[in-house]
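Single-structure report; data block below.
Counting convention: from 1, in listed order, for ligands and their atoms alike.
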Amino acid sequence: ALAEARAAHIPVRHDVTAPGAREIRRIAAELRVAIAEEQLFLAYQPKIHVRRQEIGSVEALVRWQHPSRGLIPPGDFIGAAEEGGLIDRLTIWTIERAIVDQQRLKEAGHDLRIFINISGQLLADQVFVDAASRLIMEADAKLGFEVTETSVIRDPSSAIANLQRFADIGIVIAIDDYGAGLSSLAYLKQLPARELKIDKLFVTQLTSSNRDPLIVRSTIDLAHALDMEVVAEGVETHAALALLTVMGCDMVQGFLISRPISLDALLRFMEEDRHQSVSRDTRATFNA
Ligand code: C2E
Ligand code: MG
Ligand code: MG
Ligand code: MG
């Protein structure tokens with residue numbers, strides 16, 4: 001991995017808390033069981049369309065309800081899944097669950113696109129690309145894929161070709177965590193992406209920092225120039241929402257609107273939204 005990262009000029013993180021090979025094998029072994037025994041579930045976080053003041057789509061975020069260790073966040077096991085050769089299976093599971101959940105939402109009268117996070121290594125995995133495409137086409141599911149630019153830089157030609165294949169079957173491609181990893185305007189221009197998600201790094205301190213508003217504003221303008229819609233992640237305050245609205249940000253996502261929630265909670269959230277666009281509180285900010 002080190003040699004590969006150096007060859008690609010990817011900075012290697014020397015994280016003292018990073019799990020060793022043994023720990024990765026242990027997590028991967030337990031994860032194999034977790035997938036088979038349905039210990040995983042998806043939490044959903046709405047993305048709100050600022051101008052229309054309505055829920056535009058939702059992002060699925062995987063969670064692991066471990067029988068003895070409790071609730072484990074994805075940051076603690078996605079890396080092990082990638083290194084342990086399990087990320088393909090985990091992601092297929094995620095897509096299958098999202099398809100089932102989307103059907104339940106549809107039956108309740110909610111037509112929502114569900115975005116799934118796709119690890120970079122899968123964009124070079126032809127077996128995965130074929131399996132995922134077949135699954136989604138057969139279900140006629142309305143999905144989106146969130147990918148980071150860093151993941152594209154590893155093997156740009158196959159990543160771009162596969163993203164195009166996904167886009168061709170109606171999957172909306174979003175660039176995740178924009179600005180936090182390796183950005184290249186050369187790739188940005190070539191990616192068949194319709195959405196650009198500004199990393200929460202620039203959003204959570206938006207109204208208390210001098211530079212973040214400048215970075216966010218220019219990123220919004222850049223994305224619009226490239227015909228992409230902009231999503232700000234990590235919107236935690238009314239002040240940030242108000243500023244993003246003035247800057248022309250298209251969509252917002254964050255704890256202010258909703259934390260990632262269970263499917264049942266999402267169904268209740270949608271029901272409330274039907275009667276009263278978003279929450280009254282948030283709406284007041286939109287209209288301010
Ligand atoms: P991400 O895709 O960038 O997801 C956003 C993360 O920010 C989520 O953390 C979410 O809970 C958190 N977040 C949302 N709103 C706010 C906010 O207002 N303030 C703050 N401080 N945080 C907020 P989570 O759920 O722990 O996910 C972490 C990362 O794990 C995700 O980052 C994504 O890269 C990865 N991930 C999650 N699910 C999957 C999956 O199914 N497959 C893969 N490959 N990766 C996944
Ligand atoms: Mg994401
Ligand atoms: Mg993100
Ligand atoms: Mg992130």
Side-chain angles (χ1 to χ4, degrees), residues 27-28 31 34-35 39-48 57-65 71-99 101 113-125 128 132 143-152 154 159 171-181 183 193 195-208 212 216 219 230-241 244 249 251-262 265-266 282:
I27 298 172
L31 198 50
I35 297 170
Q39 292 169 18
L40 302 181
F41 68 96
L42 296 181
Y44 292 98
Q45 190 178 35
K47 295 183 184 176
I48 306 292
S57 55
V58 291
E59 176 176 6
L61 294 153
V62 70
R63 302 281 182 263
W64 181 359
Q65 188 64 58
L71 191 63
I72 308 178
D76 292 357
F77 62 88
I78 292 293
E82 288 173 346
E83 293 199 35
L86 270 179
I87 193 66
D88 50 349
R89 239 193 284 173
L90 185 145
T91 307
I92 292 291
W93 176 87
T94 304
I95 293 170
E96 285 172 339
R97 173 50 49 90
I99 288 171
D101 289 354
R113 186 177 297 276
I114 299 179
F115 281 83
I116 289 163
N117 292 284
I118 302 291
S119 290
Q121 76 182 65
L122 294 175
L123 296 178
D125 179 344
F128 168 82
L143 300 186
F145 283 174
E146 298 195 359
V147 300
T148 65
E149 278 186 300
T150 308
S151 70
V152 170
R154 251 191 262 171
I171 297 168
V172 172
I173 307 300
I175 299 169
D176 205 356
D177 301 348
Y178 185 77
S183 294
E195 273 183 25
L196 186 134
K197 299 187 75 178
I198 301 177
D199 194 80
K200 55 178 178 283
L201 184 69
F202 307 102
V203 179
T204 48
Q205 315 284 313
L206 191 61
T207 53
S208 57
D212 289 352
V216 169
T219 303
V230 184
V231 184
E233 61 173 37
V235 178
E236 295 179 351
T237 63
H238 284 101
L241 174 60
L244 288 161
C249 185
M251 281 174 276
V252 289
Q253 186 180 21
F255 295 168
L256 176 69
I257 294 112
S258 171
R259 290 188 173 253
I261 51 181
S262 69
L266 177 66
T282 309

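- The line from CZ of Phe41 to OG1 of Thr94 is 12.5 Å long, rounded to the nearest 0.5 Å.
- Considering backbone and side-chain N/O atoms, Arg63 comes within less than 3.5 Å of an N/O atom of ligand 1.
- We find the CG-CG distance between Asp199 and Asp176 to be 7.5 Å, quoted to the nearest 0.5 Å.
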request  = Run the numbers on Lys200 and Gln253 for side-chain contact (heavy atoms from CB on, under 4.5 Å), then give the verdict.
outcome  = CA-CA 10 Å; Lys200 55 178 178 283; Gln253 186 180 21; over 6 Å; no

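- With distances taken over non-hydrogen atoms, the option nearest atom 34 (O) of ligand 1 out of Leu61, Asp199, Asn117 is Asn117.
- Listed by number with element, the atoms of ligand 1 under 4.0 angstrom from any heavy atom of Pro74 are 24 (P), 25 (O), 26 (O), 27 (O), 28 (C), 30 (O), 36 (N), 37 (C).
- With rounding to the nearest 0.5 angstrom, the CD1 atom of Ile72 is 8.0 Å from the CD1 atom of Ile27.
- Proximity to Asp177 (heavy-atom distance under 4.0 Å) selects the following atoms of ligand 1: 3 (O).
- Nearest N/O/S atom of Glu233 with respect to the Mg ion (ligand 3) is recorded as OE1.
- Residue Ile198 comes nearest to Glu233 through the heavy atom pair O-CG, 3.0 Å, listed as atom of the first residue, atom of the second, then distance.
- Here the closest non-hydrogen pair linking Thr219 and Leu196 is CG2-CD2, 3.7 Å.
- Of all heavy-atom pairs spanning Phe202 and Ala180, the tightest one is CE1-N, 4.2 Å.
- With respect to the Mg ion (ligand 3), Asp176 has OD1 as its nearest N, O or S atom.
- Taking both residues in full, the closest heavy atoms of Gly84 and Ala28 are given as CA-CB, 4.2 Å, listed atom of the first, atom of the second, then distance.
- For Glu59 and Lys47, the salt-bridge test fails: no basic side-chain N is under 4.0 Å from an acidic carboxylate O.
- Atoms CD and CD1, from Glu195 and Ile173 in turn, are 10.0 Å apart once rounded to the nearest 0.5 Å.
- Considering backbone and side-chain N/O atoms, Ile87 never comes within less than 3.5 Å of an N/O atom of ligand 1.
- Taking both residues in full, the closest heavy atoms of Leu90 and Phe77 are given as CD1-CE1, 4.0 Å, listed atom of the first, atom of the second, then distance.
- Comparing Lys197, Glu233, Lys200 by heavy-atom distance to atom 6 (C) of ligand 1, the nearest is Lys200.
- For a distance bound of 2.8 Å, the N, O or S atoms of Glu59 include one lying that close to the Mg ion (ligand 2).
- With a heavy-atom cut-off of 4.0 Å, Ser119 touches ligand 1 through backbone and side chain alike.
- For ligand 1, none of its N or O atoms has an N or O atom of Gly254 under 3.5 Å away.
- Contacts between Arg259 and ligand 1 below 4.0 angstrom, taking non-hydrogen atoms only, are absent altogether.
- Between the Mg ion (ligand 3) and Asp177 there is an N/O/S contact shorter than 2.8 Å.
- Taking distance alone, with nitrogen or oxygen atoms compared against 3.5 Å, Gln45 approaches ligand 1 more closely than that limit.
- For the 3.5 Å distance criterion, the side chains of Thr204 and Glu236 fail to qualify, holding no donor opposite an acceptor.
- Residue contacts with ligand 1 do not include Thr91, since none of its heavy atoms lies under 4.0 Å from the ligand.
- Contact annotation: Gln253 has no heavy atom less than 4.0 Å from any atom of ligand 1.
- Proximity of Val235 to ligand 1, defined as any heavy-atom pair under 4.0 Å, is confined to the backbone N, CA, C and O atoms.
- When you scan the N, O or S atoms of Glu146 for the one nearest the Mg ion (ligand 2), you land on OE1.
- Atoms of ligand 1 found under 4.0 Å from any heavy atom of Ile78, numbered from 1 in the order shown, are 42 (N), 43 (C), 45 (N), 46 (C).
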